[in-house]
Each structure stands twice: as structure tokens, then as C-alpha cells.
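What follows is a single structure, written as C-alpha cells, with notes after it.
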Amino acid sequence: MGKEIRTKKWEGEIPVHYLYTYGLAGEKFFREIKDRGTFVATKCSKCNVTYVPPRIYCERCFAELGNYKDVGTKGTVETYTVCHESADGKKLSKPEIIAAVRLDGTDGGLVHRLSVADPSKVNIGMKVEAVFAEPAKRTGSINDILHFRPI
Amino acid sequence: MKRVAIIGTGSTAHKAKTPDVSYRELIFGAATKAYADARITHKDVQSFVTCAEDFIEGYSIADEYTPDQLGAVLKPMQTIPGDFIQGLGVAYMMIQAGIFRIVAVEAHSKFSNIKTPDEVASFALDPVYNRPLNLNPHFVAGLEMNRYLHDSGNTATHCAAVVVKNRKNALKNPLAAYGAEINIKDVENSGEASWPLRKADVSNRADGCIVMVLADEDTAKSLSKKPVWIKGVSWCSDTPGLETREWGKAVYAELASKKAYEMAGIKNPAKEIDVVEVDDEYSYKELQHLEAMGFCEKGTAGKLILDGELSTNLSGGSLGMGHLLEASGAARTYEVVTQLRGDAGERQLKKAGFGLAQGWRGVPTTTGAVIILANS
Amino acid sequence: MLDNAKIKGKGLKSSDIKDGSVLTQSCNPKLQYAWDTGQAVGQYLDGLKDGKLVGKKCNGCNRIMIPPRMFCELCFKETGDWVELKDTGTVNTFSICYVNWDASRLPPGAKPHLPAVVEIDGASEGMGILHVLGEVDPKEIKIGMKVKAVWKPANERTGAITDIKYFKPYGG
Amino acid sequence: MRRVAIVGAGITKFMRRAQETGKELSYEASKMALDSCGLTLKDIDMVTLGTAPDAFDGVHMKGEWLSDGAGGWRKPYIRNYVGGGTGVFAPIHGFFHVASGMADSCLVVCEEKMSSCHPHPQGAFKTIFDHTLEQPLNPTLIWIFALEMNRYMHTYGLTKKDIALVSVKNKRNALDHPSAQIPENLTVEDVLNSETLAWPVNRLDISPASDGAAAVVLMSEEKARKITDRPVWISGVGWNIDTAYWATKELCYPRYVEKAARQAYEMAGIKEPHKEIQVAEPYDPFSYKELHHMEGLLLCKKGEAPKLLADGVTQRTGNLPICPSGGALGVGNPIAATGLMKIIEIFLQLRGEAGKRQVPGNPKVGLAQAWGDLMQVGTVVVMKS
């Protein structure tokens with residue numbers, strides 16, 4: 001089709017970077033992690049749904065939610081996976097376990113790393129708890145949680 | 001309510017790379033075919049829909065670059081950042097509203113032009129709760145597959161059987177990029193992506209474009225010998241959060257199919273629907289989607305496929321044809337239309353009166369769409 | 001009537017973010033692409049590398065188009081012959097710009113950027129391309145002014161729109 | 001065709017930097033819209049979201065990410081997108097949902113959070129230009145506006161002064177808008193003396209970057225009659241896109257806006273728009289754009305809009321009030337949310353509920369319009385009380 005093209009590719013990128021605020025509920029959530037090493041939730045009593053991370057609204061009925069309550073740091077493994085590839089698709093020298101943790105007494109939770117001595121012992125339904133960075137090292141980020149570990 | 005039909009389709013042959021054509025030239029090719037197939041020219045098309053996402057195209061506003069290659073200059077044209085089947089749904093609504101008689105819908109993939117596909121996919125994750133973990137985006141599929149297998153009783157072997165079936169089916173599809181004769185062992189030995197997900201469970205990327213022309217009942221009857229009627233179409237989004245979703249379930253597929261069945265008057269999909277094309281971007285998704293949409297009892301899809309009792313994704317699916325981004329749903333629909341018209345060659349089913357195509361928007365989304373088509 | 005008391009929104013000052021009174025997360029995404037130039041743009045870029053501007057003719061509407069395309073977007077059919085155009089043209093419109101692409105300001109005293117739409121001689125009327133002007137006092141720029149491409153030396157050309165350094169005023 | 005009414009509206013403040021996430025902004029506007037007509041999320045059949053580039057909020061597939069805040073949970077939820085024209089296209093989308101019979105009620109939400117993009121949201125606009133043939137020239141967004149404004153001035157022999165009055169009018173109108181980000185009492189001299197960014201565009205000719213959201217509730221006639229005695233009807237919709245080869249067309253006139261307007265007028269049965277349209281909200285991200293769009297909307301002859309402006313015709317108290325809300329220039333410009341803000345303004349004006357912003361004469365026919373892409377997209381909605 002047509003003649004041989006010499007300039008076959010044009011390279012480019014989208015040269016932007018971002019700074020995200022955490023939102024009204026997110027700000028509360030991460031302040032509690034940073035200052036107190038615990039998780040807070042909001043609850044819609046009408047739908048009987050407890051949100052972690054907390055939200056200012058119930059996604060099901062749009063009730064306005066406030067009243068942040070401490071739900072502690074323990075939960076169960078809803079599901080997990082063993083990642084063998086890095087963020088940019090390269091093979092990881094040491095695979096890592098990622099779990100979706102349902103925090104006790106809530107309908108939400110967090111997705112985070114799971115640290116275990118024996119990977120073959122991980123199972124769905126396993127009880128786990130969050131391990132935080134030392135208070136002085138916390139910045140108010142999801143990475144203030146180092147990982148979850150079995151109880 | 002009057003009916004709406006698909007009266008023309010155009011597709012490129014999908015390939016791992018398409019270095020000879022720009023995205024514009026790729027789309028022009030498929031549009032030309034679709035208009036010819038519908039026996040119309042671009043001038044007859046009153047409105048246009050492109051299904052695309054900015055960061056896939058590499059533009060801040062990809063909508064700018066949609067009209068020329070479809071013949072849509074100075075016409076009502078819109079972008080749906082969604083699956084092609086959602087785009088069909090929009091065209092359906094515009095025609096039913098009585099605003100237009102003929103509408104064209106397009107979706108394409110220039111996947112090969114994205115140098116950082118994993119980073120782009122991860123950029124869809126929540127910026128505060130998920131993205132800072134700096135993970136490969138397939139982890140979301142790994143989490144989902146594990147829970148789905150746990151809940152349903154299907155196994156990784158069943159998932160491998162989906163891969164084997166779809167890549168084999170693709171050998172008979174001249175549009176498919178990844179037809180192959182492989183076995184379950186090959187899938188098992190393909191290497192881990194995000195356990196239990198193996199590399200071969202993930203569909204390979206492909207470039208391609210599909211365009212379809214829709215028309216109202218009167219126009220369809222006057223133009224087309226083989227109109228394919230839209231009997232039902234719906235779409236649904238479940239909670240987007242990784243923290244709040246039910247990992248084992250494809251709620252979006254269940255709810256979207258329920259609405260589409262209602263519209264189409266379908267009570268028993270397994271009996272009433274002859275041609276079934278479902279999203280299989282990851283192998284387990286085919287099983288999960290078939291069960292969610294009621295084609296078999298929960299937990300039985302894997303065995304039925306292993307035993308060869310479910311002939312789904314005769315096109316080869318995304319595993320066999322290649323993953324075409326928003327055009328994946330288009331490839332599913334294209335096969336259903338082709339079968340319903342009796343044009344599927346050696347893949348042709350004997351009984352092909354009703355068909356269903358389903359799309360899913362990939363990780364980390366919980367959005368899917370369903371369309372039900374019939375040839376009478 | 002909208003209930004004004006119900007209008008929400010918590011506006012922040014930039015200092016709230018800088019001094020950490022509000023938490024933030026940063027991200028530098030890697031969004032990189034290598035687009036296939038295809039037949040039309042590929043040959044256009046090849047032409048630039050050779051120091052030429054090329055267009056394409058539509059045999060339906062007889063337009064000579066730049067940038068070239070393999071299909072005419074109006075007639076919706078394949079285009080015909082390649083046409084070598086001149087590297088001269090007319091300023092259709094222009095601006096004198098003191099800001100960079102990211103909204104930062106040019107340093108004081110820096111020469112302003114001079115973007116313009118230049119209608120290329122030999123292409124159909126109104127067929128312009130975006131480029132910049134140079135070797136001109138901004139005050140002297142006029143709509144309708146004749147301009148000519150100033151090319152990079154052949155060995156520095158790579159097959160890019162920037163193989164033309166700028167357009168400068170030319171003759172009369 | 002089924003008639004479709006707007007029955008409720010909600011909006012957030014427009015802000016340079018919101019603490020709320022895009023999800024939260026979407027929720028706040030949607031909740032207010034539902035409350036305004038006494039509905040809950042359960043009453044909503046389908047949802048459509050309008051939001052402009054992902055490059056602002058900084059989330060790929062941001063329609064998916066925003067879905068819970070926009071009320072999309074387990075509903076048929078879809079995102080529509082025509083660049084900067086999205087805010088007025090979103091209610092057109094909602095119109096299809098209801099007019100087609102697919103839904104009896106549709107929540108239309110528009111959101112933009114531009115402040116996430118750093119160092120400045122304008123950076124996200126570099127990549128609206130052609131990646132191969134234009135971006136290497138390091139264009140800024142303002143280039144295209146400056147180029148277009150210059151062409152407009154040249155064609156009709158206008159001066160910057162003729163145009164600066166748009167900013168003065170709109171920023172002053174915005175003093176009465178509770179969501180306004182930069183309402184101000186300015187003079188023409190203030191605009192002309194503000195920093196020249198890209199001649200002929202000065203800083204005060206430009207709307208700000210903003211965060212914000214807006215929402216409306218659409219209903220079928222049958223349902224609307226049950227909950228309100230003052231529905232505002234969507235009587236005409238139109239939209240249109242021009243070629244992406246923007247530099248190859250005449251920039252002094254937005255022919256795509258005219259096409260969109262003619263589609264909407266035909267549907268609404270409007271024959272003489274300059275006489276029949278009583279109040280209008282054309283898109284005004286840059287001062288000259290308001291004038292450009294008035295002409296494209298056939299509200300006056302080509303090149304005549306500056307005269308109407310100078311004669312006071314387009315003031316709130318004039319014969320043809322234009323941007324009584326304060327527009328993008330005064331209320332702020334969270335792109336998609338701005339378009340829907342304009343729809344809401346006409347909704348309120350036609351209901352006689354615009355408070356201090358109310359234009360006199362009980363208007364019954366109004367119009368909102370937005371523009372987008374590379375000088376390409378026009379979106380128009382004609383509304384009647």
C-alpha cells in the first residue's frame with residue numbers, strides 16, 4: 001500500500017502531574033491513621049451499610065453520612081492474589097501477596113499488601129490486622145499502613 | 001414502540017500491530033465497509049457515536065479527532081467513553097426518541113501505540129486509596145478470579161479450557177489475531193501474572209476497528225435485506241470501589257442482562273438464545289459472565305465448557321481475536337450479527353435466530369453492557 | 001428556587017496544601033505513546049525531512065489539502081495525487097504570546113512566541129497549518145502578510161513539523 | 001416524541017481548589033438536585049454523567065471512578081463527552097434517555113475538578129493539539145483563542161475594547177450568583193490593563209480554572225406533572241462537530257454552533273430566534289466567545305454582537321439578556337459543570353426563580369449553549385416554560 005514511509009512513528013506523552021486532595025471523608029480517614037493508627041467508618045443506618053473508607057454519602061440511597069466511628073484495625077481476607085509482575089509489567093524477583101481485607105463490622109475495607117511467613121498458609125477468610133509505620137514516619141497516606149498480617 | 005435494526009457492519013482484520021495505517025486511516029477503512037454494507041453513503045448518516053477514552057488515544061480531548069474519518073464533519077457526533085455496546089445503546093435511544101433515522105457507531109483499538117499500557121490502566125485506580133500501592137493492574141483480576149473460583153467451585157483448569165476453546169475457535173475466524181491450537185498444559189505453563197491468573201488467561205492486545213450502522217424500522221426495511229433487530233439493550237455499573245465490591249460476582253452483567261431480557265421478552269436465555277458472545281478479556285470472565293447472565297447454573301460453566309457443551313464465543317472472543325479495548329464489545333456484537341445474517345462461513349451455527357453480545361470495560365471497572373439481537 | 005444555603009463546597013487556599021493543613025497525594029503518571037503516522041502523515045513528515053511541503057488532492061471536490069490525508073473527509077473517498085506545495089504562504093491569523101504551554105510566564109525580556117495560522121501557497125484557499133513566525137518585529141505582523149518557511153539545515157531535519165524553524169516575512 | 005421536563009436542579013460552589021473529591025462534588029450537586037424536587041435516588045431510572053478531559057481530574061476512565069458519587073450505583077449509568085461542549089450535551093443525553101422511553105426519570109450530573117492537574121490545569125491542554133503536527137510547537141491553550149479572537153476582530157473591524165465589556169458585564173452579573181468564584185465590579189480599563197497573556201487576550205478576558213459540579217433531574221411529562229406544576233420543557237436539542245483540521249477553516253464564525261442551533265430551533269419550532277429567544281446563556285470561557293456564539297446562535301447578524309453589547313441590549317435589564325448568571329467569566333469554569341450551570345440558570349429564569357438575577361418580563365423561552373474541542377463543537381438546548 002503506497003510507498004515506503006521513513007517516518008513511521010511519532011512519539012509523545014501526556015506531560016502532566018497531579019496533586020489530589022483526599023476529600024472530606026478521606027481527610028478524616030487518613031488523619032485518624034496518621035494520628036491514632038486506626039480506621040474510621042461512616043454508616044448508613046437506613047441501608048445498614050458501613051463504609052470503609054468512609055464516605056460523606058451512602059452510594060445506595062444518597063443519605064448524607066457523618067458520625068465517623070472507629071472500627072479498629074482487624075478484618076478478614078475477602079480475596080487475595082500473588083502479583084508476579086511490577087507496575088510496568090516486568091517480572092518481580094519476589095512476588096507479593098495483595099489482599100482485599102473486609103474490616104470487622106463493616107461492609108468495606110482496604111486493599112493492601114499481606115505479609116506472611118508461609119505464603120501457602122494464606123486463605124480466604126483468614127483473620128488479619130493492619131500494621132502501621134511508626135507514628136513519626138506517617139504522612140497521612142495509604143502507605144502509612146505497611147501491610148496486613150495474620151492474627 | 002418501533003424497532004431499531006443494525007443494517008450495516010464493517011470491520012478491519014485485527015492484528016497485533018497495524019504499522020501501515022494511522023488511527024484515522026484504520027477507522028476510515030472500517031467505516032467505508034460499514035456504509036457500503038448498509039448501502040448508504042456517509043451523507044445518509046445523521047448522527048455518529050465513537051466509543052473511546054482520552055488516555056487510550058493519548059489525547060486530552062480525543063473527541064476532537066473523531067469526525068473526519070467517519071464522514072461526520074458538521075454533523076451531530078459524540079464520544080461515549082464506554083464500551084461499544086453502550087454506544088449502540090445510545091444510538092438506539094436517539095433513534096427511538098425520533099430524532100434520527102440512521103446513526104453510525106464506531107470503536108477502535110490502537111493498543112500497539114500505547115507504550116505504557118500497564119501504567120495507563122493503573123491510572124484508572126483511585127489516586128488516594130489504590131494507586132500509591134504501585135501495583136500491576138492485573139492484580140485486580142487476580143483478586144477477582146481467586147474469589148470467583150472460591151465461591152463458584154470452578155477451577156483454574158476450567159479457565160484454561162476457556163483459553164483453549166477460544167483460541168481454537170479463532171482459527172476459523174479470518175478477523176482474529178490469535179488463533180492457535182493449544183492445550184490446557186500450555187496455559188498452565190504460560191507463567192504467573194497475578195496468581196491464580198496466568199499469562200495465558202489474559203487476552204493479548206490487538207489493533208482494529210469496527211463500525212456499525214443502525215436505522216429505524218422503516219429505513220431498515222427499505223435498505224436492508226438482512227436487518228438484525230435490537231430486541232433489548234442495557235448497561236450497568238456496580239460500585240467502583242475495590243473496597244466495597246463483591247469480588248466473586250459480576251453484578252453488572254447480572255443486572256444489565258436482566259433488563260435486556262425484560263425488553264426482549266426472554267425468560268430462559270439458555271434455551272432461547274442461540275448465539276452467545278461474552279466478554280473474555282480474562283478467561284475466568286467468560287465463566288463468570290455466563291453464570292451471571294443465566295446461561296447455566298452458578299458453578300457449572302467451567303465443566304460445561306470443558307465438556308464442550310457450551311459453544312460460546314465462536315468468534316474466538318478476546319482471547320482468540322485479541323483485546324480491542326472499547327471495541328471488544330464491538331467484536332462480540334459483530335460475530336452475533338454475522339451469525340444472525342448467516343454469513344459466518346465455517347463457523348456458522350445451524351440455528352441462529354437470537355443472539356446476545358456482552359461487553360465489560362476491563363479492570364478496575366464494574367461496568368458492562370448487554371445487547372440482544374434477532375434476525376426476525 | 002434553589003436553596004442557597006444548601007450550596008456546598010469547601011474552597012481551599014493554595015497555602016492549605018503547601019503547609020500540609022490539608023492532606024494530598026501526588027502522582028506522576030507515565031502516559032507514553034508511539035503513534036503510527038500512517039500513509040498520509042508519514043509521507044508529509046518524510047517531505048518535511050526533504051525540505052518540502054506536500055499536500056494531497058481530492059478528485060471529488062478538487063481541494064488540494066494540507067496536512068495531506070488518504071481520504072477526503074467531505075467526499076469520504078480516497079484522495080488522488082500527491083502535490084508538492086510551495087513553502088510560502090499567507091498569515092491567516094496570529095498571536096503574540098507571553099506564556100508557556102503550562103501557563104508559566106516567559107521570563108521578562110524574552111521574545112514572545114508568535115503562533116500563526118499560515119495558509120500555504122498551492123493548497124486550496126483557506127488551507128492553513130499551525131506554525132510560528134520568526135525574524136519579525138511583533139508589531140509589524142499583519143493578517144494577510146506573505147511569509148516563507150525557514151528550514152533547519154538538511155542534516156538536522158528529522159521528519160518533524162519543527163524541521164521548519166518558523167515562517168518569516170517574505171517579498172511583497 | 002415524548003416530552004421531557006427539567007424538574008430539579010443542584011449545584012456546588014465553583015472554586016479554584018475544592019477539598020472535596022470529584023465524587024463528593026458530584027454527590028453534593030446530585031443530592032441537592034434530588035432534594036429540590038423531593039425525590040430520592042430510588043426514583044431515578046438512569047444516570048448520565050458529563051465531564052470533560054480525564055487529564056483534569058487525573059483519573060483514567062474517570063466516568064467509572066465518579067459513578068458512585070453521581071448516583072450510578074447498580075443503575076444504567078453512562079458518560080457522555082463532547083469536550084468543552086459536554087455541559088450542555090449532558091442534558092441532551094438525558095433527553096434521549098427519557099424521550100426514547102428507556103427511562104421515565106434521568107439524573108444528569110456534570111463534574112470537573114481541574115485543580116488536581118499541576119502545575120496548572122492549562123498544562124492538560126497541550127495535548128489537545130495534534131500530537132504529531134502541532135504539539136512539537138509547544139502550543140498553549142490560549143493560542144487558539146488568541147488566533148480566533150484576532151481573526152474575529154480583523155474580520156469585523158473590532159477592537160479589544162469592544163470585547164472587554166463582556167468580562168465587565170458577566171463578572172458583575174456574577175455578584176448575584178451564590179456559586180460564583182470570581183464575581184467582581186470591574187471597568188473596561190481594568191480588563192484592558194490586565195496582563196497580556198497572548199495578544200489579543202488579556203488575563204481578565206479569560207474564565208478561571210475551577211472545581212465544581214451541577215446536576216438536573218429530567219422526567220417524562222406524565223411523571224413530571226405529578227411532582228411539579230412548573231416543569232421547564234426541553235423543547236429543542238442540537239449539537240454539531242466540525243473537522244479536526246481546525247486551521248483549515250474560517251475562524252471568524254462558528255458554523256458548527258449555527259448548525260447545532262438550527263437543529264434545536266427546528267425541533268422547538270423557533271423560526272426567528274432573535275425575536276423568540278428571550279434569555280440566553282451562550283458559553284463564555286473567553287470574552288469574545290460570548291459574542292461569537294451569539295452570532296452563531298443567530299441571535300444577531302454576523303459581526304453585530306458587539307453593538308448589542310455596547311447598547312446594553314445584553315444586560316440583565318436589556319431586551320436580550322445574555323449570561324445573566326455571570327457566565328463562565330464570573331461564576332467560574334469547571335468545564336462540564338459550567339454548561340449545566342447555564343442550563344440551570346435558564347431553568348430558574350423561566351420559572352421566575354432566579355432571585356436577584358431574575359430578568360424582567362417573565363421570559364418563557366430561553367437557551368443555553370456550550371462549545372468545545374478545537375473550535376469544533378456546538379451544543380444547544382432550547383427550553384420553554
Relative to chain B, which segment of [X] carries a heavy atom at a distance below 4.5 Å: side chain, backbone, both, or neither?
{"X": "Phe89(D)", "result": "side chain"}
{"X": "Lys23(D)", "result": "side chain"}
{"X": "Val98(D)", "result": "neither"}
{"X": "Asp130(D)", "result": "both"}
{"X": "His93(D)", "result": "side chain"}
{"X": "Val377(D)", "result": "side chain"}
{"X": "Lys259(D)", "result": "side chain"}

For chain D, which candidate among [options] shows the most heavy-atom pairs at distances under 4.5 Å?
{"options": "Gln78(B), Gln86(B), Gln96(B)", "answer": "Gln78(B)"}
{"options": "Leu255(B), Thr79(B), Thr366(B), Val73(B)", "answer": "Thr79(B)"}
{"options": "Thr239(B), Leu74(B), Ile61(B)", "answer": "Leu74(B)"}

Is it true that Thr66(B) and Thr50(B) share a donor-acceptor pair across their side chains at a distance under 3.5 Å?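 Looking only at side-chain atoms, Thr66(B) and Thr50(B) do not form any donor-acceptor pair under 3.5 Å.
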
Does the side chain of Lys75(B) pick up a donor-acceptor pair with the side chain of Asn240(D) at under 3.5 Å?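 No - no donor-acceptor pair under 3.5 Å links their side chains.
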
Heavy-atom distance under 4.5 Å between the side chains of Glu326(B) and His108(B), does that happen here?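 They are not in contact (no side-chain heavy atoms under 4.5 Å apart), so the answer is no.
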
Between Glu64(D) and Ser237(B), is any pair of side-chain heavy atoms under 4.5 Å apart?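 Yes, their side chains come closer than 4.5 Å.
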
Between Glu144(B) and Lys285(B), is the salt bridge (Lys or Arg N to Asp or Glu O under 4.0 Å) condition met? List the steps. CA-CA 9 Å; Glu144(B) 190 175 63; Lys285(B) 275 286 178 190; 2.8 Å; yes

Contacting region of [X] [heavy-atom separation from chain D under 4.5 Å]:
{"X": "Ser47(B)", "result": "side chain"}
{"X": "Thr244(B)", "result": "neither"}
{"X": "Arg361(B)", "result": "both"}
{"X": "Val120(B)", "result": "both"}

Check ring-ring contact (aromatic ring centres under 6.0 Å, His included) between His131(D) and all other residues, then give those that pass, not counting sequence neighbours.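 So His131(D) forms a ring-ring contact (aromatic ring centres under 6.0 Å, His included) with Tyr59(B), Trp35(C).
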
Between Tyr81(D) and Arg79(D), is there a cation-pi geometry (under 6.0 Å to ring centre, at most 45° from the normal)?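 Checked: cation-pi criterion met.
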
